[in-house]
Every structure is written in structure tokens, then in C-alpha cells.
Amino acid sequence: MEPKTPKRVQILDGEHMLDKINKLTTKRDNKESPTKLPSIRDFVIIKPISRGAYGKVFLGYKQNDSDKLFAIKVMRKSDMINKNMVSQVITERNALALSRSPFCVNLYYSLQSVSYIYLVLEYMN
């Protein structure tokens, strides 16, 4: 049995890491789709709920439906890179997107801007 060689870990600088985050979290544009892609501008922020290690969480609602409340988690991309939390945030997003448990909050939208990532989650009163 041959000894296993360790995996090479590629270390990326900040700009390359941002490009990688953008590629992993951005849906490709589909020119044929008549529906408008959701944006963080579609939401109205009511008030801050909490602040944590990853970022801040705000209470908000979609502009066309003020009856349905959401928890909007806002994370700065540069902070994630500086804290080496990129893989944890991507894993959190993927776990929430795939989860169908009544014991986990639902992820409704995963959005991004140039500087921020937004997770729009079910608001639990």
C-alpha cells in the first residue's frame, strides 16, 4: 500500500477569494427567463434583531407583502475572508438550503451585492 500524499492547499489573496465567493454564490444569468431575479432592494428593513460573529441580523419584509416577516442575515465578504470563515458561511448556506426539517429555519433567499452576502430566513417570533 502506497503512502497517501497530503492534499495541496491553495492560498488565495483577498481579491481572488472574492472572485471565488462570487462564482460559488452567484446564479448565472438566464437571458430567456422572463422572471426578475430577487434583490436585497426588494426588502424593507424594519429593525436590527441581533449581532453575531458572522454579521448582523435584521427584521424585514418584502416590499409587496408586509404581512410576511423575514430575518435577514447580513455578512460582509471582506470580514469573512479576514476571519477565514468563507467555507463555514458557504456550508451554512448550503445546509439551510437543503434542510427540510421542522426544527430548522427555512432559507428563502440567498442574495449578494459587491460587498455583502444576505441570507433571507424564516422569522421565528
Side-chain angles (χ1 to χ4, degrees):
M1 186 170 178
E2 292 182 31
K4 291 184 179 180
T5 57
K7 284 186 176 181
R8 284 184 66 189
V9 177
Q10 184 179 6
I11 299 174
L12 303 173
D13 66 352
E15 190 163 322
H16 287 95
M17 186 60 79
L18 280 175
D19 289 340
K20 186 174 181 180
I21 291 171
N22 286 335
K23 286 178 185 175
L24 292 173
T25 59
T26 304
K27 193 173 185 181
R28 291 192 176 142
D29 289 338
N30 187 356
K31 301 286 184 192
E32 299 167 8
S33 176
T35 60
K36 178 185 166 289
L37 290 176
S39 163
I40 195 60
R41 292 192 172 126
D42 297 337
F43 294 88
V44 176
I45 302 296
I46 299 172
K47 66 178 183 176
I49 297 175
S50 71
R51 183 178 179 160
Y54 289 112
K56 299 177 183 175
V57 181
F58 296 92
L59 178 64
Y61 61 89
K62 212 162 179 190
Q63 285 183 350
N64 58 1
D65 184 14
S66 61
D67 295 333
K68 179 110 170 115
L69 297 176
F70 298 99
I72 302 171
K73 188 173 188 176
V74 180
M75 298 168 283
R76 189 185 303 263
K77 290 180 182 180
S78 60
D79 288 348
M80 291 188 304
I81 292 168
N82 293 338
K83 295 177 183 177
N84 293 323
M85 301 294 264
V86 174
S87 62
Q88 287 92 332
V89 172
I90 292 171
T91 302
E92 176 188 11
R93 182 238 171 248
N94 291 340
L96 287 169
L98 295 173
S99 173
R100 297 290 177 251
S101 170
F103 304 107
C104 292
V105 295
N106 292 321
L107 174 68
Y108 291 109
Y109 301 98
S110 176
L111 310 166
Q112 72 173 338
S113 65
V114 173
S115 303
Y116 292 93
I117 290 186
Y118 308 92
L119 298 180
V120 180
L121 307 159
E122 176 182 12
Y123 176 63
M124 305 296 290
N125 297 14

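Computed from a predicted structure; not experimentally measured.
A donor-acceptor distance shorter than 3.5 angstrom exists from the side chain of Gln63 to the backbone of Arg41, with no hydrogens or angles considered.
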- [ ] Output, in order, the C-alpha distance, side-chain angles, deciding distance and verdict of side-chain contact (heavy atoms from CB on, under 4.5 Å) for Arg93 and Met75.
- [x] CA-CA 12 Å; Arg93 182 238 171 248; Met75 298 168 283; over 6 Å; no
Task: Full working for side-chain contact (heavy atoms from CB on, under 4.5 Å) between Leu111 and Asp42 - done: CA-CA 11 Å; Leu111 310 166; Asp42 297 337; over 6 Å; no
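Atoms OG and CZ, on Ser50 and Phe58 in that order, are 9.5 Å from each other to the nearest 0.5 Å. Rounded to the nearest 0.5 angstrom, Asn94 CG and Ser87 OG are separated by 11.0 Å. Rounding to the nearest 0.5 Å gives a distance of 11.0 Å between CG of Leu96 and CD of Glu122. A distance of 11.5 Å separates OG in Ser99 from CD in Glu92, rounded to the nearest 0.5 Å.
In this structure, Ile46 and Leu69 have side chains that are in contact, with non-hydrogen atoms separated by less than 4.5 Å. For the pair Ile40 and Ile72, the minimum side-chain heavy-atom distance is below 4.5 Å.
Residue pairs satisfying the salt bridge (charged side-chain N to carboxylate O under 4.0 Å, His left out) criterion with at least one member in residues 53-69, sequence neighbours excluded, are absent.
Under a hydrophobic-cluster definition in which Ile, Leu, Val, Met, Phe, Trp and Tyr are linked whenever side-chain heavy atoms come within less than 4.5 Å, directly or via other members, Met85 and Ile90 are assigned to the same cluster. Under a hydrophobic-cluster definition in which Ile, Leu, Val, Met, Phe, Trp and Tyr are linked whenever side-chain heavy atoms come within less than 4.5 Å, directly or via other members, Val89 and Val120 are assigned to different clusters. Residues Tyr109 and Leu37 are members of separate hydrophobic clusters, defined by side-chain heavy-atom contacts under 4.5 angstrom among Ile, Leu, Val, Met, Phe, Trp and Tyr. Transitive grouping of hydrophobic side chains (ILVMFWY, heavy atoms separated by less than 4.5 Å) brings Val86 and Leu107 into a common cluster. Using a 4.5 Å cut-off between side-chain heavy atoms of Ile, Leu, Val, Met, Phe, Trp and Tyr, with links allowed through other members, Leu59 and Val57 fall into the same hydrophobic cluster.
The minimum heavy-atom distance linking Phe70 with Tyr108 is given by the pair CE2-CD1, 3.4 Å. Smallest separation of non-hydrogen atoms from Leu119 and Ser110: CD2-OG, 3.7 Å.
Screening Lys83, Lys77, Arg76 against Asp79 for a salt bridge (Lys or Arg N to Asp or Glu O under 4.0 Å) leaves a single residue, Arg76.
Annotation: Phe43 is not in aromatic contact with Tyr118 [ring centroid separation under 6.0 Å not met].
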